[in-house]
Amino acid sequence: MTYDPGNIFAKILKGEIPSHRVYEDEHTLAFMDVMPQAPGHVLVIPKKGSRNLLDADPQVLANTIPVVQKVANAVKEAFDADGIFIAQFNEPAAGQTVFHLHFHVIPRHEGQGLKPHSGKMEEGAVLAAHAEKIRTALKG
Ligand code: AMP
């Protein structure tokens, strides 16, 4: 299995398709999932392409996990979450649909279920408002 540089997240990285960005540094980008499983669902991706975790450069993982942690804490604060679900799928059999490594950061509230994975598209205005809340929490 090889990495396809034409995948949708590679296009987001290049700015060829729009995204609601919440965080960016030299190695990583974080943006809103367009089909959130809960309000505040963010994806964290490394800039260096790999298909998923299985073929990733370990140094890329080392650069990315601190950002997953940073974003998880900001999402927890912004959405007053009781917990944070981190998910990461490798290959279609495991549920992967976009083949550029990404970590799902999903706020959880006691007693509230999750919407389906890759379910319904959220409105742009809602995603923009959620991104703003997370960016504000990241500044704090
Ligand atoms: P996975 O199934 O783990 O590969 O997850 C891919 C995720 O990407 C799903 O949660 C989709 O909702 C999300 N997604 C697909 N296209 C886009 C896009 N253009 N912008 C943001 N998120 C996307």
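All ligand and atom numbering here is 1-based and tracks the order in the structure. Heavy-atom basis, side chains included; hydrogens, waters and symmetry copies ignored.
For the pair Val98 and ligand 1, the shortest N or O to N or O distance falls below 3.5 Å. Looking at ligand 1, you won't find any N or O of Leu43 less than 3.5 Å from one of its N or O atoms. In terms of polar-atom proximity, Gln96 is not counted as a contact of ligand 1, lacking any N or O under 3.5 Å from an N or O of the ligand. Of the N or O atoms in His41, none lie within a sub-3.5 Å distance of an N or O in ligand 1.
No part of Gln37 comes within 4.0 Å of ligand 1, judged by heavy-atom distances. Contacts of Phe31 with ligand 1, taken as heavy-atom pairs under 4.0 Å, involve the side chain alone.
Residues Arg21 and Leu13 come closest through the heavy atom pair NH2-O, 3.7 Å. Contact detail for Thr28 and Lys47: the closest heavy-atom pair is O-CE, 3.6 Å.
For Phe31 and Phe9, the ring centers are positioned less than 6.0 Å apart. Two rings, from Phe79 and His130, have their centers less than 6.0 Å apart. For an aromatic pair to be called close, the ring centres must be under 6.0 Å apart, and His102 with Phe89 fails this.
Checked for salt-bridge contact, Arg108 and Asp82 miss the test: no charged N lies under 4.0 Å from a carboxylate O.
In this structure, Ser19 has no heavy atom closer than 4.0 Å to ligand 1. For Phe9, the closest heavy-atom approach to ligand 1 falls below 4.0 Å.
Distance alone, capped at 3.5 Å, places no donor-acceptor pair between the His117 side chain and the Pro36 backbone.
Given atom 18 (C) of ligand 1, the protein heavy atom at minimum distance is Val34 CG2, 3.7 Å. Among protein heavy atoms, atom 2 (O) of ligand 1 sits closest to His117 NE2, 2.6 Å.
For the residue pair Gln69/Asn73, the side-chain donor-acceptor check at 3.5 Å is not satisfied.
Of the options Met32, Gln88, His102, the smallest heavy-atom separation from atom 1 (P) of ligand 1 is shown by His102. If you check each of Asp33, Asn7, Ile8 against atom 13 (C) of ligand 1, the one with the closest non-hydrogen atom is Asp33.
Close approach to His104 involves these atoms of ligand 1, each under 4.0 Å from a residue heavy atom: 1 (P), 3 (O), 5 (O), 7 (C), 10 (O). Atoms of ligand 1 lying under 4.0 Å from at least one heavy atom of Ser118, given by number and element, are 9 (C), 11 (C).
Side chains of Glu122 and Val34 form no contact here, defined as non-hydrogen atoms less than 4.5 Å apart.
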